[in-house]
Amino acid sequence: MISGSPIAEWSFPAEPGSARTARAAVREALGDWGLDSAADLTVLLVSELVTNSLRYASGPIGLRMVLKSGGNLLVEVSDPLPDPPRERTATPEDEGGRGLQLVACTSLRWGTRHGRTGKTVWFELSVAG
């Protein structure tokens with residue numbers, strides 16, 4: 001992250017500790033931007049998306065946050081797999097399957113897009129005070 005920049009970017013290897021490292025990086029960046037109040041929700045959603053990438057991808061996982069004018073935060077998680085994730089309805093007995101539901105229910109908007117070498121799952125949150 002460049003000090004004073006409204007953009008923060010990281011790349012993480014596809015290994016188990018990367019979700020923890022991503023959570024810490026997001027929390028630190030939001031603190032630097034004076035957005036501590038948005039940290040818990042942002043960290044939760046980033047953790048879900050990075051964990052999904054870790055579960056299925058074998059290449060690097062990109063994470064990018066952009067503090068947009070108007071008080072919104074854009075968060076993007078990229079991986080080398082071309083297939084977009086599918087939102088599904090988890091039953092009470094399911095151990096997983098709630099990550100995209102969380103993203104859909106708590107963000108202003110979200111989606112996926114194809115890139116040159118994979119896909120990006122993104123979401124936007126209102127962080128205006």
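What you are looking at is a predicted structure, and each value in this text was computed from that prediction instead of being measured.
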In Å and rounded to the nearest 0.5 Å, what is the CG to OG distance from Leu67 to Ser5?
9.5 Å

So which atom in Val46 and which in Ala22 form the shortest heavy-atom distance, rounded to 0.1 Å?
CG1-CB, 4.3 Å

Do Trp122 and Arg113 pass the side-chain contact (heavy atoms from CB on, under 4.5 Å) test, and can you show the C-alpha distance, the side-chain angles, and the key distance before you say yes or no?
CA-CA 8 Å; Trp122 60 270; Arg113 69 175 179 272; 3.7 Å; yes

Leu74, Ile7: one ILVMFWY side-chain cluster at the under-4.5 Å cut-off?
yes

Can you find a pair of side-chain heavy atoms, one from Pro80 and one from Thr117, that are under 4.5 Å apart?
no

side-chain contact (heavy atoms from CB on, under 4.5 Å) between Leu102 and Leu100, intermediate numbers included
CA-CA 5 Å; Leu102 282 171; Leu100 287 179; over 6 Å; no

Short N-O contact, Arg27 and Asp40, less than 4.0 angstrom:
yes

Any idea which heavy atoms bring Ser53 and Val77 closest together, and the distance?
OG-CG1, 3.9 Å

Distance in Å, Leu125 CG paired with Thr106 OG1, rounded so as to fall on 0.5 Å steps
6.5 Å

For Asn72, give me all partners under side chain to side chain donor-acceptor pair (under 3.5 Å), at least two apart in sequence or on another chain.
Glu124

Nearest heavy-atom approach of Arg23 to Ser47 is NH1-OG, 2.9 Å

side-chain contact (heavy atoms from CB on, under 4.5 Å) partner of Val26, chosen from Leu44, Thr21, Val43:
Val43

Between Thr42 and Ala38 (side chain of the first, backbone of the second, donor and acceptor by atom type, cut-off under 3.5 Å), is there such a pair?
yes

From Ser78 OG over to Leu49 CG, what is the distance, rounded to the nearest 0.5 angstrom?
10.5 Å

Within one Ile-Leu-Val-Met-Phe-Trp-Tyr cluster: Trp110 and Leu81, side-chain cutoff 4.5 Å:
no

If every non-hydrogen atom of Pro60 is compared with every non-hydrogen atom of Ser11, which pair is closest and at what distance?
CB-OG, 3.8 Å

Nearest 0.5 Å, please: how far is CG in Leu63 from CE in Met65?
6.5 Å

CG (Leu54) and CZ (Phe12) are apart, to the nearest 0.5 Å, by 10.0 Å

Quick one: does Ser18's side chain have a donor or acceptor within less than 3.5 Å of a partner on Glu15's backbone?
yes

Taking it one step at a time, do Lys119 and Asp79 satisfy side-chain contact (heavy atoms from CB on, under 4.5 Å)?
CA-CA 6 Å; Lys119 69 168 173 311; Asp79 65 48; 2.8 Å; yes

Heavy-atom pair of closest approach, residues Ala19 and Thr51
CB-OG1, 4.0 Å

Run the numbers on Trp10 and Ile61 for side-chain contact (heavy atoms from CB on, under 4.5 Å), then give the verdict.
CA-CA 8 Å; Trp10 305 271; Ile61 298 165; over 6 Å; no

Any chance you could measure Leu73, atom CG, to Phe123, atom CZ, to the nearest 0.5 Å?
7.0 Å

